[in-house]
Novice: 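After the structure tokens below, expect a handful of questions from me.
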Amino acid sequence: MLRTHTCGELRREHVGQTVTLCGWVHSYRDHGENLVFVDLRDRYGKTQVVFNTEEDSRIDALARRLRREDVIRIAGEVRYRGDDLVNPRLATGDIEVRAHELTVDSSSRTPPFELEGSDLPNEELRLRYRFVDLRREPLQRNLIVRHQITQAVRDYFNSRDFLEIETPMLGRSTPEGARDYLVPSRVHPGSFYALPQSPQIYKQILMVAGFDRYYQIARCFRDEDLRADRQPEFTQIDVEMAFVERDDILELIDGLVCQVVKQVRGIELPSPLPRYSYADVMERFGTDKPDLRFGMELVDIAGPAAASDFGVFRSVLDSGGRVRGINAKGAADRYSRRLLDRELKDFVGEYGARGLAYMKVAGGKLESTIAKFFPEQSQQDIIELMQAEDGDLLLFVADQADITSAALAALRNRLGRELNLYDPDAFSALWVVDFPLVTWNDETQRYDAEHHPFCQPHRDDRDLLTSDPARVRADSYDLVVNGCEAASGSVRIHDSKIQQQVFDLLNISEQEAERRFGFLLEALRYGAPPHAGIALGLDRWVMLLTGDDNIRDVIAFPKTQRASDLLSGAPAPVDDHQLRDLHIRTDSPDQSILDE
RNA sequence: GGGGCCGUAGCUCAAUUGGUUAGAGUACCGGACUGUCGAUCCGGGGGUUGCGGGUUCAAGUCCCGUCGGCCUCGCCA
């Protein structure tokens with residue numbers, strides 16, 4: 001070991017000891033010939049090193065040349081700083097190390113940006129110099145939290161007889177779901193592996209194989225467009241159990257979540273976590289992942305809307321749409337007319353809403369440019385339905401049902417944040433259960449699986465599979481935390497007859513099913529136990545527990561929105577001979593220009 | 001595939017209606033200083049205004065294209 005201590009551990013009790021510290025020069029304060037201070041930093045903290053070297057001008061000259069981010073090693077004596085000189089903002093602030101030896105292990109170029117300060121440089125630069133960015137305390141903290149979570153997860157499952165089993169990264173492409181990342185085969189010209197979107201099929205096969213308690217911290221890949229909370233490669237805490245029912249999984253994960261949240265954030269969550277049906281949250285919040293840190297539920301005002309003379313509302317109702325609204329309590333003066341007419345209208349427009357109606361409540365009446373279309377009784381009905389009081393701002397969207405849901409759910413989240421309706425440090429976790437098994441896809445004119453094709457239909461809804469598929473509930477469940485899908489799973493089909501019924505419903509022919517998932521179906525024919533599972537999005541959990549809203553800040557080496565790694569330069573062209581080995585010819589735009 | 005924001009010194013930003021030598025803070029370099037901890041003081045260097053084209057007497061500013069980053073709708077079984 002080159003060091004005796006880290007930069008975060010020296011305290012008053014070490015005074016008098018001779019120590020050796022290693023680290024990066026965080027800052028330096030040069031007071032001339034005989035006095036130089038250096039804050040030495042490593043992952044554990046910072047320690048002030050003082051060079052006070054009347055007797056040794058050689059060290060002094062070296063110390064005065066130190067610059068930020070140089071890597072040095074110092075040996076010296078731990079000293080109490082003195083009563084007036086302690087730095088309460090530093091964990092090691094009581095002491096300093098008076099150096100009598102200094103080695104510069106490596107000098108640094110001037111860093112491309114400063115590690116401290118409120119103004120972060122743009123992300124492009126941070127990503128290009130990731131090794132510098134990762135030295136910053138917030139990112140170090142995030143990766144530490146990430147480690148704590150995976151560690152707690154492993155402890156939790158290991159102590160319950162689970163086995164951590166790896167599944168292949170090079171697998172078979174299954175064309176349903178997200179776009180696959182493909183890997184060409186050298187020895188099978190024209191054939192490709194796919195990187196896993198999730199270990200779904202493998203973990204089900206592990207159940208068939210008798211490994212009745214499995215988990216894995218699994219890397220997954222999806223070649224879809226990115227978002228602030230989505231990366232092309234991400235990590236799932238993947239779990240599967242045999243001989244269990246839905247509630248066994250929910251209780252297992254309740255326990256895990258409560259333990260992790262308590263351990264990392266010191267917050268005590270209710271156990272069991274509350275459960276809501278899909279139908280319930282869609283009606284009350286317009287989304288299957290409601291943020292329950294605040295109320296402001298959606299209200300249907302079809303009754304008073306139909307009794308009004310407001311053409312927009314009435315024509316929407318006549319064509320089978322809905323009129324719903326939310327009540328922003330006390331916000332009547334918070335949004336100017338201009339903001340409502342432009343900004344918020346455009347905002348709901350992003351979700352397909354053609355307009356945004358609003359009314360302010362004053363003197364027990366509605367104030368609005370459209371109030372005149374609402375007779376007295378309608379106004380009172382709206383006020384009653386929305387539990388409105390003077391000073392409230394009521395916002396309405398009239399449209400097809402799914403558009404009112406999407407627009408109002410988004411608006412609700414935005415208003416909740418802007419009006420500070422909740423404590424950003426608060427935690428709300430809930431289960432959403434009884435999702436529909438399938439949803440009708442207008443484009444392809446057929447049913448799509450809501451979760452995936454191996455998800456078990458609800459026992460009580462089997463008869464509906466043929467008669468009214470859209471009403472069939474699935475034995476599936478999502479864990480929602482602060483409006484974010486934090487885990488998702490289901491009871492799987494282990495009966496090949498039911499599996500066949502679901503394929504029929506999804507319009508997947510026997511041939512097609514064999515071609516796509518034949519190896520799973522074959523496995524299910526050789527003694528498949530009842531089984532169920534779930535996957536937790538690790539990256540999102542780290543975001544939730546650190547309070548970050550950017551997934552790149554919880555991943556050591558993330559990719560940009562266009563899926564490039566600015567640090568390494570990936571993706572990049574490869575040598576022609578590599579392509580020849582893989583039997584691949586490219587058809588890039590550049591190439592075609594050259595061809596012409 | 002669609003919509004939006006951004007790109008000026010190493011970094012964060014400013015630059016009036018299109019106007020003459022593109023500024024500030026910080027970092028960096030040199031000097032002074034024995035108790036600093038956002039050290040202080042003095043001095044200095046540093047610009048292809050992302051790139052290409054256009055309009056104009058004149059472009060950081062206006063227009064078109066392009067590259068890159070971010071947010072978002074669609075997409076993500």
Side-chain angles (χ1 to χ4, degrees), chain A residues 26-40 46-54 60 64-65 67-69 79 81-82 84-90 92-93 96 98 109-129 132 174-180 197-198 200-201 220-232 234 343 346-353 403 406-407 410 414 435 437-439 441 443 447-455 474 476 485 488 490 502 506 508 516-517 537 549-550 552 559-562 564 566:
Chain A
H26 187 72
S27 61
Y28 55 90
R29 295 173 292 281
D30 180 352
H31 284 254
E33 298 280 320
N34 294 313
L35 184 65
V36 178
F37 297 99
V38 165
D39 290 340
L40 194 60
K46 286 185 278 228
T47 299
Q48 174 164 288
V49 178
V50 59
F51 298 89
N52 189 341
T53 53
E54 295 157 295
D60 188 67
R64 294 191 72 187
R65 282 208 302 274
R67 290 299 177 264
R68 281 154 207 265
E69 302 310 309
R79 291 191 169 186
R81 288 196 189 187
D84 307 336
L85 296 172
V86 300
N87 183 348
R89 280 177 301 166
L90 220 54
T92 61
E96 63 192 6
R98 175 155 173 177
R109 288 190 176 181
T110 301
F113 52 88
E114 291 158 56
L115 272 69
E116 272 187 2
S118 49
D119 290 332
L120 277 177
N122 72 57
E123 250 194 287
E124 193 176 347
L125 197 74
R126 289 173 53 201
L127 290 170
R128 197 184 314 282
Y129 293 93
V132 175
T174 50
E176 284 226 353
R179 203 174 288 113
D180 283 322
Q197 296 178 22
S198 83
Q200 181 61 37
I201 291 176
C220 306
F221 304 85
R222 292 180 190 174
D223 187 4
E224 296 290 346
D225 287 346
L226 306 181
R227 287 289 186 281
D229 62 349
R230 263 195 246 157
Q231 280 275 300
F234 60 100
E343 173 95 22
D346 289 350
F347 179 76
V348 295
E350 286 172 35
Y351 301 87
I403 290 178
R414 175 175 170 159
F435 280 76
L437 184 72
V438 294
T439 46
N441 185 328
E443 256 177 64
Y447 288 104
D448 286 340
E450 172 79 17
H451 186 54
H452 58 54
F454 318 114
C455 179
S476 68
E485 182 190 312
S488 180
S490 64
V502 171
L506 295 173
I508 299 174
R516 289 187 191 177
F517 327 107
D549 53 9
N550 176 345
R552 294 178 298 281
K559 291 181 174 55
T560 68
Q561 190 168 49
R562 296 192 60 229
S564 337
L566 298 181

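Below, chains carry the letters A, B, ... as their sequence lines are ordered, and counting in each starts from 1.
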Novice: May I ask you to verify if any side-chain N or O of A/Asn122 is less than 4.0 angstrom from the OP1 or OP2 atom of B/U12?
Specialist: yes
Novice: Over all strands shown, is A/Arg67 touching base, sugar-phosphate only, or nothing at heavy-atom distances under 4.0 angstrom?
Specialist: sugar-phosphate
Novice: Counting only Watson-Crick or G-U wobble pairs whose two distances fall under 3.5 Å, which nucleotide matches B/C5?
Specialist: B/G69
Novice: Determine whether any donor atom in the side chain of A/Arg128 lies under 3.5 Å from an acceptor atom in the base of B/G68, or the reverse, and answer yes or no.
Specialist: no
Novice: Considering only atom C1', compute the distance from B/U21 to B/A15 and round it to an integer number of Å.
Specialist: 14 Å
Novice: Whole angstrom is fine here: how far is it from CG in A/Leu125 over to P in B/U26?
Specialist: 20 Å
Novice: Students often get this wrong, so: under 4.0 angstrom with heavy atoms, is A/Glu114 touching a base, only sugar-phosphate, or nothing?
Specialist: base
Novice: Using a distance-only criterion (donor-acceptor N/O pair, under 3.5 Å, no hydrogens), is the base of B/G74 paired with the side chain of A/Asp225?
Specialist: yes
Novice: Taking the same atom, P, in B/U61 and in B/A9, what whole-Å distance lies between them?
Specialist: 15 Å
Novice: Measuring only the C1' atom in each nucleotide, how far is B/G47 from B/G53? A whole number of Å is fine.
Specialist: 22 Å
Novice: Taking B/U34 as the reference, what is the distance to B/U26 when you measure between their P atoms (whole Å, please)?
Specialist: 24 Å
Novice: Please work out if A/Thr174 contacts a base, only the sugar-phosphate, or nothing of the nucleic acid, heavy-atom cut-off 4.0 Å.
Specialist: nothing
Novice: Write down the distance separating the P atoms in B/C6 and B/C13, rounded off to the nearest Å.
Specialist: 12 Å
Novice: Looking at A/Thr110, I'd like to know whether one of its side-chain N or O atoms comes within less than 4.0 Å of OP1 or OP2 on B/G10.
Specialist: no
Novice: Across all strands shown, which nucleotide pairs with B/G43 by Watson-Crick or G-U wobble geometry, both distances under 3.5 Å?
Specialist: B/C29
Novice: Using atom CZ of A/Phe51 as one end and atom P of B/G35 as the other, report the distance to the nearest whole Å.
Specialist: 18 Å
Novice: Figure out the CD/C1' separation between A/Gln231 and B/C70, and round it to whole Å.
Specialist: 13 Å
Novice: If you take all heavy atoms of A/Asp180 and A/Asp223, which pair is closest and at what distance?
Specialist: O-CB, 4.0 Å
Novice: Let me know the distance between NE2 of A/His451 and P of B/C76, rounded to the nearest Å.
Specialist: 15 Å
Novice: For A/Glu350 and B/G3, give me the distance from atom CD to atom P, rounded to whole Å.
Specialist: 13 Å
Novice: Regarding A/Pro453, tell me which of base, sugar-phosphate or nothing describes its non-hydrogen contacts under 4.0 Å with the strands shown.
Specialist: base
Novice: Side chain of A/Pro112 only, please: which of B/U72, B/G10, B/A77 is the nearest?
Specialist: B/G10
Novice: Name the residue closer to the 5' end of RNA chain B, choosing between A/Arg227 and A/Phe517 according to the nucleotide with the nearest heavy atom.
Specialist: A/Arg227
Novice: Which part of the nucleic acid does A/Glu450 contact within heavy-atom distance under 4.0 Å: base, sugar-phosphate only, or nothing?
Specialist: sugar-phosphate
Novice: What is the distance, to the nearest angstrom, from the CZ atom on A/Arg179 to the C1' atom on B/G1?
Specialist: 11 Å
Novice: Taking any heavy-atom pair under 4.0 Å as a contact, classify A/Tyr351: base, sugar-phosphate, or nothing.
Specialist: sugar-phosphate
Novice: Nearest whole Å is fine: how far is B/G10 P from A/Leu115 CG?
Specialist: 19 Å
Novice: The side chain of A/Asn52 is closest to which nucleotide in this list: B/A77, B/U34, B/G69?
Specialist: B/U34
Novice: Given B/A77, is OP1 or OP2 found less than 4.0 Å from the side-chain N or O atoms of A/Ser488?
Specialist: no
Novice: For a quick check of understanding: with a heavy-atom distance under 4.0 Å over all strands, which category does A/Arg552 fall into, base, sugar-phosphate or nothing?
Specialist: sugar-phosphate
Novice: Under a 3.5 Å cut-off for both distances, is B/A59 Watson-Crick or wobble paired, and to whom?
Specialist: none
Novice: Quote, to the nearest angstrom, the C1' distance that separates B/G46 from B/C11.
Specialist: 13 Å
Novice: A/Leu437 CG to B/A77 C1': how many Å, rounded?
Specialist: 11 Å
Novice: Using the C1' atoms only, state how far B/A14 lies from B/U36, rounded to an integer number of Å.
Specialist: 33 Å
Novice: What is the nucleic acid contact for A/Leu120, judged by heavy atoms within less than 4.0 Å: base, sugar-phosphate only, or nothing?
Specialist: sugar-phosphate
Novice: Distances under 3.5 Å between protein N/O atoms and the N/O atoms of nucleotides 36-39 of chain B, please, pair by pair.
Specialist:
residue : atom : partner : partner atom : Å
B/U36   : O4'  : A/His31 : NE2          : 3.4
B/U36   : O2'  : A/Arg29 : NE           : 3.4
B/U36   : O2   : A/Arg29 : NE           : 2.6
B/U36   : O2   : A/Arg29 : NH2          : 3.1
B/U36   : O2   : A/Gln48 : OE1          : 3.4
B/U36   : N3   : A/Gln48 : OE1          : 2.9
B/U36   : N3   : A/Gln48 : NE2          : 3.0
B/U36   : O4   : A/Gln48 : NE2          : 2.9
B/C37   : O4'  : A/Arg29 : NE           : 3.1
B/C37   : O2   : A/Gln48 : OE1          : 3.4
B/C37   : O2   : A/Arg81 : NH1          : 3.3
B/C37   : O2   : A/Asn87 : ND2          : 3.0
B/C37   : N3   : A/Arg81 : NH1          : 2.8
B/C37   : N4   : A/Leu85 : O            : 2.6
B/G38   : OP1  : A/Arg89 : NH2          : 3.4
B/G38   : OP2  : A/Arg89 : NH1          : 3.2
B/G38   : OP2  : A/Arg89 : NH2          : 2.2
B/A39   : N6   : A/Asp30 : O            : 2.9

Novice: For B/G60 versus B/G44, give the span between their C1' atoms, rounded off to a whole number of Å.
Specialist: 26 Å
